[in-house]
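One structure is given here, and the rest of the page talks about it.
Along the sequence shown, residues are numbered consecutively beginning with 1.
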Amino acid sequence: QVQLVESGGGLVQAGGSLRLSCAASGRAFCNYVMGWFRQAPGKEREFVAAIREYGVYTDYADYVKGRFTISRDNAKNTVSLQMNNLNPADTAIYYCASTRAWSMRRRGAGYDSWGQGTQVTVSS
């Protein structure tokens, strides 16, 4: 397993951008699929994006496609989420997570390590 720490959240106006980062410690970061999830108050956790071990394949939820970009740097053991054209519906706590199973990438239950989360608040 890896240990994950997110950073980069904050308050931004609608239409603005934020970049989230997730630093991983532990061994063999490049062996893990990395995902981003989010949870808004009173709502269930939902999938945002995922990236395969070497970054060749990515997957996005429809509600962020075209606005968010996931990337990773295996040399630095980091995964990032660039979020553009944010709107109030994107307000949530954002979590990064790791899994060995690409087939499980959209299911939170398929991930075995989670960060503590970082708050993103988008004002209208």
Side-chain angles (χ1 to χ4, degrees):
Q1 289 188 348
V2 294
Q3 291 74 49
L4 304 170
V5 178
E6 302 95 337
S7 61
L11 173 64
V12 64
Q13 289 188 331
S17 298
L18 280 175
R19 185 177 180 87
L20 305 183
S21 293
C22 175
S25 60
R27 299 171 65 180
F29 173 73
C30 61
N31 288 345
Y32 291 89
V33 171
M34 299 300 297
W36 286 95
F37 288 75
R38 68 187 186 186
Q39 187 167 20
K43 295 187 176 182
E44 293 187 353
R45 182 179 57 196
E46 61 183 9
F47 169 76
V48 174
I51 187 167
R52 282 215 71 159
E53 297 86 337
Y54 290 93
V56 175
Y57 295 104
T58 57
D59 186 28
Y60 297 92
D62 286 345
Y63 34 82
V64 304
K65 196 173 294 184
R67 300 188 297 123
F68 290 12
T69 302
I70 189 172
S71 60
R72 67 189 295 162
D73 185 337
N74 286 345
K76 297 181 178 179
N77 282 13
T78 59
V79 59
S80 298
L81 186 69
Q82 177 66 42
M83 306 185 295
N84 298 328
N85 193 22
L86 286 160
N87 60 67
D90 296 315
T91 295
I93 299 174
Y94 283 72
Y95 300 89
C96 71
S98 64
T99 178
R100 288 189 178 267
W102 178 247
S103 61
M104 299 293 286
R105 63 192 179 276
R106 288 183 169 235
R107 299 176 60 181
Y111 288 74
D112 45 37
S113 291
W114 293 82
Q116 83 290 350
T118 186
Q119 177 71 49
V120 171
T121 303
V122 184
S123 64
S124 57

Give, for atom [atom1] of [X] and atom [atom2] of [Y], the distance between the pair rounded to the nearest 0.5 Å.
X	Y	atom1	atom2	value
Thr91	Leu11	OG1	CG	8.5 Å
Arg38	Tyr95	CZ	OH	13.0 Å
Ser25	Gln3	OG	CD	4.0 Å
Gln13	Asn87	CD	CG	13.5 Å

**Message:** Checking Glu6 against Gln116 for the side chain to side chain contact (heavy atoms under 4.5 Å, CB included) test, could you report, in this order, the C-alpha distance in whole Å, the side-chain angles of both residues, the deciding distance, and whether it holds?
**Reply:** CA-CA 7 Å; Glu6 302 95 337; Gln116 83 290 350; 2.9 Å; yes
Residue pairs involving [range] (criterion salt bridge (Lys or Arg N to Asp or Glu O under 4.0 Å); sequence neighbours excluded):
range	value
residues 60-77	Asp62-Lys65, Arg67-Asp90
residues 103-112	Asp59-Arg105, Asp59-Arg106
residues 9-18	none

Taking all atoms of both residues into account, what is the closest heavy-atom pair of [X] and [Y], and its distance?
X	Y	result
Pro88	Ala14	CD-CB, 4.2 Å
Ala50	Tyr111	CB-OH, 3.9 Å
Arg45	Ala109	NH2-N, 4.3 Å
Ala92	Ala40	CB-N, 3.8 Å

**Asked** Rest of the hydrophobic cluster containing Val5 (Ile/Leu/Val/Met/Phe/Trp/Tyr, side-chain heavy atoms under 4.5 Å)?
**Response** none
**Request:** Run through the side-chain heavy atoms of Ile, Leu, Val, Met, Phe, Trp and Tyr, join any pair under 4.5 Å, and report what else lands in Tyr63's cluster.
**Result:** Val2, Leu4, Val12, Leu18, Leu20, Phe29, Tyr32, Met34, Trp36, Val48, Ile51, Tyr60, Val64, Phe68, Ile70, Val79, Leu81, Met83, Leu86, Tyr94, Val120, Val122
**Residues that Thr58 engages under side-chain hydrogen bond (donor to acceptor under 3.5 Å, both in side chains), provided they are two or more places apart** = none
**Request:** Please test Arg100 against Val33 for side chain to side chain contact (heavy atoms under 4.5 Å, CB included), starting from the C-alpha separation and ending with a verdict.
**Result:** CA-CA 6 Å; Arg100 288 189 178 267; Val33 171; over 6 Å; no
**Request:** Ignoring hydrogens and angles, tell me if any N or O in the side chain of Thr118 forms a donor-acceptor pair with the backbone of Gly9 under 3.5 Å.
**Result:** yes
**Request:** Begin with the C-alpha distance, continue with both residues' side-chain angles, and end with the deciding distance and a verdict on ring pair (Phe, Tyr, Trp, His ring centres under 6.0 Å) for Phe47 and Phe37.
**Result:** CA-CA 5 Å; Phe47 169 76; Phe37 288 75; 5.7 Å; yes
**Request:** Evaluate side chain to side chain contact (heavy atoms under 4.5 Å, CB included) for Ser71 paired with Gln82, printing each intermediate quantity in order.
**Result:** CA-CA 8 Å; Ser71 60; Gln82 177 66 42; over 6 Å; no
